[in-house]
Amino acid sequence: MKRTMSKLIIAIFTGALLLGSTGGVLAQSQDSGKEKKTKETVAMSQQVYEKLAEIQELIEAKDYASAQRLTDDLKEKKGLTPYELAQIWNITGYSYYLQERYDDAIRAYDQVMAQPDLPEALVLSTLKTKAQLQFTLEDYEAALATVRQLMGAISEPSADVLMLEGQALFQLERYDEALTPIKTAIELYRSQGQVPKENWLLL
């Protein structure tokens with residue numbers, strides 16, 4: 001579980017940084033108004049980008065105290081964009097997760113979500129990470145609420161997201177309700193030519 005979560009959070013952070021560094025390019029295909037909006041949404045200065053990369057290296061080296069000091073200093077920087085703040089809180093949550101400070105990690109991801117006009121990919125990955133942390137804490141009511149917030153943010157939930165909903169309902173002993181998302185997730189997985197996971201079938 002820990003290895004899976006670690007890979008997920010690293011992917012979220014790295015992907016989000018790449019989005020920040022290429023946002024201007026991605027926006028070129030849009031009209032001028034949307035282009036400006038996209039650039040603003042994923043705006044990240046080179047200085048902030050480099051500082052976040054430095055913080056990530058410290059975290060990977062398990063030098064959490066030094067990483068926290070740099071993170072706190074970065075939070076005090078004037079003129080940060082909402083996207084930059086979101087990424088600062090994102091890496092803070094990652095650090096807390098690795099230290100097994102799961103409640104603190106969840107609060108950090110709440111701060112990510114508190115920033116306006118975030119890219120959809122960051123919203124979705126943050127909510128999924130938060131839900132999985134709530135599962136780790138066995139706070140299934142909160143996990144269910146987060147999963148449903150996630151489902152409300154996307155037009156077609158993936159099999160993994162549907163299964164998260166089913167698992168939360170199952171843990172809450174709401175078995176009849178759990179059957180629908182679990183069966184839908186399994187059918188969706190099969191329709192994509194994939195073999196459902198054994199623990200899904202056990203549910």
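All values reported here derive from a predicted model rather than from experimental measurement.
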Suppose we screen for side-chain hydrogen bond (donor to acceptor under 3.5 Å, both in side chains). Which residues come up paired with Gln167, at least two apart in sequence or across chains?
none
Those residues that, when tested against Glu141, pass side-chain hydrogen bond (donor to acceptor under 3.5 Å, both in side chains) (two or more places apart)
none
Who are the side chain to side chain contact (heavy atoms under 4.5 Å, CB included) partners of [X], not counting sequence neighbours?
X      : value
Tyr96  : Gln68, Thr92, Gln99, Arg101, Asp104, Ala105, Ala108
Glu50  : Gln46
Lys197 : Asp160, Tyr189, Asn199, Trp200

Check: [Y] and [X] side chains under 4.5 Å, non-hydrogen atoms:
X      : Y      : result
Leu85  : Pro82  : no
Asp73  : Lys51  : no
Phe170 : Tyr175 : yes
Asn90  : Leu52  : no
Leu203 : Met163 : yes

Given 3.5 Å as the limit, does a donor-acceptor pair link the side chain of Glu84 with the main chain of Ser45, or not?
yes
Could you see if Val147 belongs to whatever hydrophobic cluster contains Tyr140? Use Ile, Leu, Val, Met, Phe, Trp, Tyr and a side-chain cutoff under 4.5 Å.
yes
[X] side, atom [atom1]; [Y] side, atom [atom2] - distance, nearest 0.5 Å:
X      : Y      : atom1 : atom2 : result
Glu165 : Ile182 : CD    : CD1   : 9.5 Å
Tyr94  : Glu60  : OH    : CD    : 3.5 Å
Leu58  : Ser66  : CG    : OG    : 5.5 Å

Is the shortest side-chain N to carboxylate O distance from Glu187 to Arg190 below 4.0 Å?
no
Would you please name every residue forming a ring pair (Phe, Tyr, Trp, His ring centres under 6.0 Å) with Tyr64, sequence neighbours left out?
none
If you look at every heavy atom in Leu124 and Ala153, which pair is closest and at what distance?
CD2-CB, 3.9 Å
Please report the shortest heavy-atom distance between Ile186 and Pro196, naming the atom on each side.
CG2-CG, 3.7 Å
